[in-house]
Amino acid sequence: MRIGYPCSNLTLGVSAARTFRLASYSTDLLVRTVEANLDALQDILRWNDRHGIRFFRISSGTIPFASHPVMAYPWQSHFADRLSIIGRYIVDHEMRVNLHPGQYTLLNSIREEVVEKSIAELAYHADLLDLLGLDATNKIQIHVGGVYGDKPAAIVRFVVAYSRLPEPIRRRLVIENDERQFNLVDTLTIHSRTGVPVLLDTLHHSIHNEGETLTEALDAVKPTWDGHGPAMIDYSSQHPERRGGAHAASIVLDDFEPVLNELRWRDIDLMLEIKDKETSVLKAMEFMQVRIAQ
DNA sequence: TCATGTCAAGGCGTC
DNA sequence: GACGCCTTGACATGA
């Protein structure tokens with residue numbers, strides 16, 4: 001089981017998601033920002049290797065404004081060599097990565113222009129992984145989207161939009177259950193109509209479910225990953241004071257232990273969505289080693 | 001240099 | 001209909 005964290009490494013103090021204001025856009029600023037982001041990404045991957053961490057979420061902000069109409073620069077060809085080198089490092093060190101576009105990526109929007117912009121955003125994510133030279137087990141995860149007062153219709157719109165996606169996106173796309181709208185059952189319904197793998201978020205599932213235990217939920221999502229590599233799972237401890245779904249500052253091992261007991265014998269990769277990122281991963285890995293030794 | 005307001009983008013819930 | 005929230009960091013401005 002690989003355990004990973006998203007986007008930035010707080011110990012190193014470098015960000016691979018530097019950006020700039022749209023109003024400041026220039027080719028020069030874009031190139032400088034992306035170069036800095038790729039430098040940081042390489043530093044983070046090396047740090048991860050030194051600490052035995054082989055799962056990482058690359059920031060969607062690596063190429064700022066990549067799918068925005070303002071982008072007139074051929075970033076794909078300009079950074080192809082650089083991305084290829086980084087991707088080779090990922091492959092050589094048996095790492096796995098994923099990407100998670102933000103809440104504005106909505107394949108099932110009732111507005112066609114939103115769907116088109118979302119597809120453009122997903123195309124950027126697929127380009128990035130393709131230029132890294134990574135196979136289709138390296139995924140792009142999104143939420144299903146909005147309900148618009150009619151969930152069955154919203155699911156149908158998702159299925160239709162999915163069928164329209166170009167193959168480079170479709171082979172990497174996975175959907176995640178959320179804490180308010182589309183729960184495990186909904187995502188499994190979409191899987192049955194599209195074949196898209198279901199990424200289980202354990203915290204969202206604990207908040208929004210139809211009575212399935214964690215064991216049942218894991219058993220249900222597992223077969224959706226056949227042919228896509230080990231299932232990816234998102235885990236976070238609930239923030240003790242903030243609203244349901246808010247991520248904790250650091251991993252709570254008492255809360256993690258029962259989840260680990262469910263996961264440890266399964267072929268899965270676990271992404272920790274916790275504020276202190278790599279610190280919690282190291283805690284979780286140490287905790288797991290102790291448990292295995294017992 | 002530092003504090004603070006703002007940022008490309010959508011949808012939902014509350015008032 | 002307006003607005004805050006999501007999730008979040010990081011930019012950009014003004015003092």
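The model shown is predicted, which means the values in this text are computed figures rather than measured ones. Numbered from 1 within each chain, the chains take letters A, B, ... in sequence-line order.
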**Prompt:** Run the salt bridge (Lys or Arg N to Asp or Glu O under 4.0 Å) check on A/R82 and A/E35 step by step: do they pass?
**Reply:** CA-CA 9 Å; A/R82 186 75 200 281; A/E35 282 173 350; over 6 Å; no
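Listed nucleotides: B/dG11, B/dA9, C/dA12. Nearest to the side chain of A/S109: B/dG11. Closest to the A/K275 side chain, of the nucleotides B/dA9, C/dT8, B/dA8, is C/dT8. Taking every side-chain heavy atom of A/R18 into account, C/dC11 is the closest of C/dT7, B/dA8, C/dC11. Among B/dG10, C/dC11, B/dA8, the nucleotide with an atom closest to any side-chain atom of A/H68 is B/dA8. Checking B/dG11, B/dG13, B/dC7 against every side-chain atom of A/R21, the shortest atom distance belongs to B/dC7. The side chain of A/Q181 lies closest to B/dC12 when the candidates are C/dA12, B/dC12, B/dG10.
Atom-to-atom, CG of A/N9 to P of C/dG9 comes out at 14 Å; the value is rounded to the nearest Å. Distance, A/Q103 CD to B/dA9 P: 12 Å, rounded to whole Å. At whole-Å resolution of the value, CD1 in A/I274 and C1' in C/dT7 are 15 Å apart. Rounded to an integer number of Å, the gap from A/R180 CZ to C/dC6 P is 8 Å. Per the geometry, OH belonging to A/Y124 stands 17 Å off P belonging to B/dA9, to the nearest Å. The distance from atom CZ of A/R157 to atom P of B/dG11 is 9 Å, rounded to the nearest whole Å. Rounded to a whole Å, the CZ atom of A/F182 is 12 Å from the P atom of B/dG11. Rounded to whole Å, atom P of C/dC6 lies 14 Å from atom CG of A/L203.
With C1' as the reference atom, B/dG10 and C/dC11 are 22 Å apart, rounded to whole Å. Taking atom C1' in both C/dG4 and C/dT8, one finds a spacing of 16 Å when rounded to whole Å. One C1' atom belongs to C/dC6, the other to B/dC7, and the distance between them is 15 Å to the nearest Å. Separation of the P atoms belonging to C/dG9 and B/dC12 is 25 Å when rounded to the nearest angstrom. Taking the C1' atom of each, B/dA8 and C/dA12 are spaced 16 Å apart, rounded to whole Å. Nucleotides C/dT7 and B/dT6 are separated by 16 Å at their C1' atoms, to the nearest Å.
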Parsed dot-bracket for DNA chain C after applying the Watson-Crick and G-U rules with both distances under 3.5 Å and | for other-strand partners is ||||||..|||||||
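A salt bridge between A/E167 and A/R170 is present, with a side-chain N of the basic residue lying under 4.0 Å from a carboxylate O of the acidic one. One finds a salt bridge joining A/R46 and A/D43 here, because a Lys/Arg side-chain nitrogen approaches an Asp/Glu carboxylate oxygen to under 4.0 Å.
Remark: A/R111 is in phosphate contact with B/dG11, judged by side-chain N or O atoms under 4.0 Å from OP1 or OP2. Not one side-chain nitrogen or oxygen of A/T19 sits closer than 4.0 Å to the OP1 or OP2 atom of B/dC7. At least one side-chain nitrogen or oxygen of A/S15 sits closer than 4.0 Å to the OP1 or OP2 atom of C/dA10. Between A/Y148 and B/dG11 there is a side-chain N or O to OP1 or OP2 distance below 4.0 Å.
Mapping A/Y104 and A/V14 onto DNA chain C by nearest heavy atom places A/Y104 closer to the 5' end of the strand.
With a 6.0 Å radius and a threshold of 12 heavy atoms from other residues, nucleotides or ligands, A/E94 has its CD atom at or below the threshold. Remark: A/E286 CD is loosely packed, at most 12 non-hydrogen atoms of other residues, nucleotides or ligands lying under 6.0 Å away.
A/T11 and A/E278 are linked by a side-chain donor-acceptor pair at a separation below 3.5 angstrom, with hydrogens and angles left out of the test. Side-chain atoms of A/H143 and A/Q181 form no donor-acceptor pair, as typed in the model, at a separation below 3.5 Å.
Aromatic ring orientation, A/F65 versus A/H68: perpendicular (interplanar angle above 60°, classes split at 30° and 60°).
The only option from A/R164, A/K117, A/R157 that meets the salt bridge (Lys or Arg N to Asp or Glu O under 4.0 Å) definition with A/E112 turns out to be A/R164.
If you check every strand for non-hydrogen atoms under 4.0 Å, A/V147 touches sugar and phosphate atoms only. Within the nucleic acid shown, A/S118 has no heavy atom closer than 4.0 Å to any nucleic acid atom.
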